[in-house]
Amino acid sequence: MSEFSVTLPSGKVWVPKFVGEIDQDKCIGCGRCYKVCGREVLEMVGVNEDGEMVRIGADADEDDDDEYDKKVMSIANVDNCIGCESCAKICPKQCYTHVPVAA
Ligand code: SF4
Ligand code: SF4
């Protein structure tokens with residue numbers, strides 16, 4: 001299987017590795033990955049005591065923080081990812097898995 005790659009103006013070939021999974025058991029909800037991603041791929045969510053995800057973005061009600069136990073990062077718009085791996089590099093808990101895709 002050949003991997004999707006990009007030829008840069010220099011002529012060098014780059015194989016992007018796209019965001020695959022975030023290990024939410026390891027995530028501490030620090031938000032560092034969110035800050036470095038310029039592609040609006042990621043979204044912080046709450047997790048309640050039953051392990052269910054609760055939206056906590058700008059749309060959420062003010063008292064929504066009563067509805068979850070902790071915050072974790074999630075993948076909201078995977079199709080926006082350009083495979084730069086900045087999120088993985090900044091993550092202090094090694095939560096990320098990135099994968100190349102077939103050409
Ligand atoms: S690999 Fe890059 S574009 Fe994709 S989610 Fe991470 S920081 Fe965003
Ligand atoms: S940088 Fe890592 S630990 Fe921090 S919110 Fe992102 S995935 Fe979670």
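Start at 1 and go down the list; that is how both ligands and their atoms are numbered. Computed over heavy atoms, backbone and side chain alike; hydrogens, waters and symmetry mates excluded.
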- Query: Between Arg39 and Cys81, is there a donor-acceptor pair closer than 3.5 Å when you use the side chain of the first and the backbone of the second?
  - Reply: no
- Message: Could you check whether any side-chain N or O of Asn80 sits under 3.5 Å from a backbone N or O of Val41, counting only pairs where one atom can act as donor and the other as acceptor?
- Response: no
- Note on the structure: Ser2 meets the side-chain contact (heavy atoms from CB on, under 4.5 Å) criterion, sequence neighbours left out, with Ala103
- Note on the structure: Output for pair (Lys71 NZ, Ile28 CD1), nearest 0.5 Å, gives 11.5 Å
- Query: Where do Gln94 and Lys26 come nearest, in terms of heavy atoms and distance?
  - Reply: O-NZ, 2.9 Å
- Task: Hey, could you give me the CD/CZ distance between Glu85 and Phe18, rounded to the nearest 0.5 Å?
- Result: 10.0 Å
- Enumerated ligand 2 atoms positioned under 4.0 Å from heavy atoms of Tyr96: 7 (S)
- Leaving waters out, which protein N, O or S atoms fall under 2.8 Å from atom 4 (Fe) of ligand 1? Cys81 SG
- Message: Within the supplied structure, the quantity of interest is the number of heavy atoms (other residues, nucleotides, ligands) at a distance under 6.0 Å from Lys35 NZ; does it exceed 12?
- Response: no
- Quick one: list whatever passes side-chain contact (heavy atoms from CB on, under 4.5 Å) with Asn48, sequence neighbours left out. Asp50, Glu52, Val54
- What heavy-atom pair brings Pro16 and Ser5 nearest, and what distance separates the two atoms? CD-CA, 4.1 Å
- Message: Closer than 3.5 angstrom, by distance alone: can the side chain of Ser74 be matched with the main-chain N or O of Ala76 as a donor-acceptor pair?
- Response: no
- Protein N, O or S atoms less than 2.8 Å from atom 4 (Fe) of ligand 2, ignoring waters? Cys30 SG
